[in-house]
Amino acid sequence: MLIGNDPLGYKQLTARYPQAVSLLLDGNESIEQLTELLREAGPIEHLIWLAPTTLAQDGDTDGMIRAQQGGVLGCFRLIKALLALALDQQPLEWTVITRGVLTVFGEASSRHQVVTEPVAPAHASVHGLISAMAKEYSHWRVRLVDLPEGDGWPNLDPLLLPADPRGDALACRNDVWYRQYLAPCLPLGGAVGRKGKVESLYRDGGVYLVIGGAGGIGRLWSEYLIRTRGAQVIWLGRREQNSQIDATIAELAKLGPAPRYISADASKYAALQQAVIQISAEYGRIHGVIHAAIQLEDQSLARMDQQRFTAGLVAKVDVCVRLAEVFEHQPLDFMLLFSSLQSFTKSAGQSNYAAGCTFKNAFGHYLAQHRAYPVKVINWGYWGHVGSVASEDYRRRMAEVGLGSIEGEQAMAALETLLARPLSQLTFLRTSRRLSDTFSSLELPRHPAGPFGEYGEIRPEAYPSLIARMKKHLVVDSKGVRATTQQAEAQRATIDALQGRLLYSQLQQLGWFGREREIIAEMKQRSGLMSMYYRWIDRSLDELAQRGYLHMEGGNSPTAYRVINPQPLAIEPLWTEWEAQKPDWLEQASLKAEVILAEATLRVLPEILDGRIAATDIIFPDSSMAMVEGIYKYNPVSDFFNEVLLDAMVEFVKGRLEQSPETPILILEIGAGTGGTSARAFEKLRPYQRQIGEYCYTDVSQAFLMHARQAYGLETPTSVISFSMSTSLWRSRVSRLVVMIW
Ligand SMILES: NC(=O)c1ccc[n+]([C@@H]2O[C@H](COP(=O)([O-])OP(=O)(O)OC[C@H]3O[C@@H](n4cnc5c(N)ncnc54)[C@H](OP(=O)(O)O)[C@@H]3O)[C@@H](O)[C@H]2O)c1
């Protein structure tokens, strides 16, 4: 069953999956109405829900609050309707699709290209809800997909993706699929400024507004800022100022300026605006804003009503949006959003909090793109001694999953790191067990490349990049190779045309092209073509069509062809013509290897295609590489490219050795094949022999590896080791990998 929440989305879904039952909703349907609609639609096995369309660039923050109605709240009511129909007892498949919610290329990095991708945070809250739901209803198979903005659809049908018991999202960008992982960060302190001092976004005597400042973490943060910066802190909370707040203010006033408390609901624009006007009148400019508000309303989905769900959500969504609106034109030093590890764990029983936190993360990224000041998100782990969950019972439950209590000093240091570095988001947690055990108990996804995958951006660069050096020193002169290839161009055209005719004639031998029109699938069967050559024949038919022998039918994936001229094409005259011209071709270094290989294979093509002869017996006669080798070396084109590549490698090696003369260099060549590139690489590396720790010659084919051992094993300057491309072996080496030749 397809559920679209706006006409545009509905149209996309029904066009993609025309066979499914579909519902177009407007997002305002009550649980009762949805229950009725679902009942009428009949049995449901698979529910596909597409989030309503929103535009990231429209700058309508207010619209993000309204969007929750048809988005996360619509989804919440849908779940409640399914529960009302007792579908929680049955297996059910879910595919939930959002667009542009996740920031895949967000962080500036030395290794990754910085890409400003549009973020549309309105429906990021759906991610928290769906993932918590997946944990509460573990027999529902949940697939959560974040497609790019717009109306494009990935080549891989999202329905073919595996369901995820954690309900975590897979994001598709440019047809590549991404998963989110936490990566460790090494705190290095702040960035060093001109005067040699660590730069911080905090300023001495700054004025800071903390939403929820009278709460646990807000109070602790305030204490730190008053103590270290003499900051004037203003707290906003909904309750009236009471004796407890008075006592805290008096306590903190011993350290510096007394915090000021204002009673206001920050989820209401007018109340927040009024408070900000008041603060500006009293203290002048506000330098920083901290969103530390929360309304904890934990409950299982089965028992949660919409009012409760919304109450938890508003403290995150509405407060974020109102802050963005009120501070749109204020010259802040920073805005800091307190979010939670819960954005990644999305635990059962906390669907509204998870929804609020996933929204807050995405909104932080969105706002960072739209504001002149830095907007940063910190995802706290568990605070056991201050704040909303500082109880004995909670501490015990957290300890069971390996979470210890965060303490003030380290937490404040983590914040300093986040604020001083070019990071937009940081998670800070304390574990009471080994990090990997805690990750396991929390069911946090592990990076496939190791327990925690890549290091975060904050890791120092071991060695500065050498790209600039390589660009400067690499002189590429392609004049020679261009002249040689141009010379051979006319001959290449003749060879190609003749090869086309030979191919056509040889395929006729196998029974192809005898009738005016043929169905390709039938011909594949009838001609006795081995199935491993099906892709080859598709490509060959395409080639023959381009050469005017055939007319293909069926668009991009042709199903039949028409033969332009069904007359048999005699093969003997073609070979006579080939033989007559061959001596000239063999004189051209750039054509020779190709001509020899083409002739050898074309002569026995029918036998290869129907399996009487193995292609490898022709290409590698007596296990010799001689026939293929000439394609990859001893010919001007491949020699030219090998030279450019290897000059770059040598330049890199030289640069690395200047940076660190004692560190041995490991070189990994992926897909080394006959060694066309390697042989020359070994020669070029000879002067650096002592500093090369290892040259890994890799290929998926054992035959190539055996050939390499024989051909290069003894005389290479480095120990050649070889292994197939099952990645487990080289993964462990990658941390010290220096050069990769592809
Ligand atoms: N404690 C943890 O272990 C933990 C873990 C991860 C993340 N966090 C995050 O850290 C932040 C602080 O948490 P905490 O544990 O210190 O919470 P807390 O002690 O409950 O304090 C939260 C404060 O937010 C205020 N608040 C809620 N809604 C508001 C609104 N609409 N307008 C103005 N004030 C509002 C509350 O005061 P009123 O009720 O008077 O409005 C309360 O004082 C939250 O953002 C939370 O999500 C906490």
Side-chain angles (χ1 to χ4, degrees), residues 485 488-586 588 590-621 627-628 630-632 635 637:
T485 46
E489 221 150 75
Q491 284 165 309
R492 177 177 295 284
T494 316
I495 297 173
D496 285 351
L498 194 46
Q499 282 193 89
R501 281 147 72 200
L502 283 161
L503 172 68
Y504 186 80
S505 174
Q506 287 290 49
L507 285 175
Q508 279 183 330
Q509 305 291 314
L510 271 189
W512 291 74
F513 319 134
R515 298 183 199 155
E516 201 180 310
R517 182 176 183 277
E518 280 162 346
I519 307 289
I520 296 170
E522 284 173 13
M523 277 310 297
K524 283 177 177 172
Q525 296 284 335
R526 216 173 44 236
S527 62
L529 187 77
M530 295 186 74
S531 57
M532 66 174 168
Y533 297 122
Y534 281 4
R535 276 174 59 198
W536 177 89
I537 194 83
D538 291 339
R539 177 69 195 91
S540 299
L541 294 176
D542 187 39
E543 179 68 30
L544 290 173
Q546 283 178 32
R547 292 192 171 274
Y549 294 92
L550 309 172
H551 176 72
M552 307 304 284
E553 292 178 4
N556 284 341
S557 314
T559 48
Y561 57 80
R562 282 186 186 284
V563 178
I564 310 276
N565 178 6
Q567 288 303 312
L569 189 59
I571 193 123
E572 281 316 318
L574 297 178
W575 282 126
T576 309
E577 196 179 333
W578 180 277
E579 288 298 335
Q581 306 216 41
K582 193 163 80 175
D584 285 346
W585 298 338
L586 294 183
Q588 295 286 344
S590 62
L591 298 176
K592 185 176 169 185
E594 225 175 283
V595 168
I596 294 173
L597 189 64
E599 179 177 338
T601 45
L602 271 170
R603 284 210 183 262
V604 289
L605 189 64
E607 290 90 332
I608 293 177
L609 295 180
D610 65 13
R612 278 173 287 163
I613 296 180
T616 44
D617 287 350
I618 304 299
I619 300 174
F620 307 106
M627 186 104 75
V628 173
I631 302 285
Y632 302 108
N635 105 47
V637 177

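When the salt bridge (charged side-chain N to carboxylate O under 4.0 Å, His left out) test is applied to Lys592, no partner is found at least two apart in sequence or on another chain. Every residue two or more places apart in sequence or in another chain was checked for a ring-ring contact (aromatic ring centres under 6.0 Å, His included) with Tyr533, and none qualifies. In terms of the salt bridge (charged side-chain N to carboxylate O under 4.0 Å, His left out) criterion, residue partners of Asp538 (sequence neighbours excluded) are, by chain and number, Lys524. For Arg612, the salt bridge (charged side-chain N to carboxylate O under 4.0 Å, His left out) test picks out Asp610, with sequence neighbours left out. By the ring-ring contact (aromatic ring centres under 6.0 Å, His included) test, Trp536 pairs with no residue at all, sequence neighbours left out. Taking Ser527 as the reference, Trp512 meet the side chain to side chain donor-acceptor pair (under 3.5 Å) condition, with sequence neighbours excluded. For Glu594, the side chain to side chain donor-acceptor pair (under 3.5 Å) test picks out Arg492, with sequence neighbours left out.
Here the straight-line distance linking atom CG of Leu609 with atom CG of Leu510 works out to 5.5 Å at 0.5 Å rounding. The CD1 atom of Ile537 sits 9.0 Å away from the CD1 atom of Ile520 when rounded to the nearest 0.5 Å. Of the inter-residue distances, the one linking Leu503 atom CG with Leu498 atom CG reads 11.5 Å to the nearest 0.5 angstrom. Distance CE/Met530 to CD1/Ile608: 11.5 Å, rounded to 0.5 Å.
The ring-ring contact (aromatic ring centres under 6.0 Å, His included) pairs that include a residue from residues 597-619 number zero, where partners must be two or more places apart or lie in different chains.
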Quick one, Gln588 with Val595, criterion side chain to side chain contact (heavy atoms under 4.5 Å, CB included). Give me CA distance, side-chain angles, the key distance, then yes/no. CA-CA 10 Å; Gln588 295 286 344; Val595 168; over 6 Å; no
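Residues Ile596 and Leu586 are in side-chain contact: their nearest non-hydrogen atoms beyond the backbone lie under 4.5 Å apart.
Here the closest heavy-atom approach between residue Ile631 and residue Met627 is recorded as CG1-O, 4.5 Å. Closest heavy-atom contact between Asn635 and Gly630: ND2-O, 3.2 Å. Listed here is the closest heavy atom pair of Pro566 and Gln508: O-NE2, 4.3 Å.
A 6.0 Å sphere centred on CD of Glu516 holds no more than 12 heavy atoms belonging to other residues, nucleotides or ligands. Within a 6.0 Å radius of CZ in Arg526, other residues, nucleotides and ligands contribute more than 12 heavy atoms.
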Which donor-acceptor pairs under 3.5 Å do the side chains of residues 599-607 make with protein atoms, sequence neighbours left out?
residue : atom : partner : partner atom : Å
Glu599  : OE1  : Trp578  : NE1          : 2.9
Glu599  : OE1  : Lys582  : NZ           : 2.8
Glu599  : OE2  : Arg603  : NE           : 2.9
Glu599  : OE2  : Arg603  : NH2          : 3.2
Thr601  : OG1  : Leu597  : O            : 2.9
Thr601  : OG1  : Ala598  : O            : 3.1
Arg603  : NH2  : Glu579  : OE2          : 2.8

Distance-only donor-acceptor pairs under 3.5 Å for side chains of residues 568-577, two or more places apart:
residue : atom : partner : partner atom : Å
Thr576  : OG1  : Glu572  : O            : 2.9
Glu577  : OE1  : Arg501  : NH2          : 3.1

Output a table of donor-acceptor pairs, distance under 3.5 Å, between side-chain atoms of residues 556-563 and any protein atom two or more places apart or on a different chain; print 'none' if there are none.
residue : atom : partner : partner atom : Å
Tyr561  : OH   : Glu518  : OE1          : 2.3
Arg562  : NE   : Glu553  : OE2          : 2.8

For a quick test of your reading: what N or O donor-acceptor pairs under 3.5 Å do the side chains of residues 542-550 make, sequence neighbours left out?
residue : atom : partner : partner atom : Å
Asp542  : OD2  : Arg539  : NH1          : 3.3
Glu543  : OE1  : Arg539  : NH2          : 3.3
Glu543  : OE2  : Arg547  : NE           : 3.0

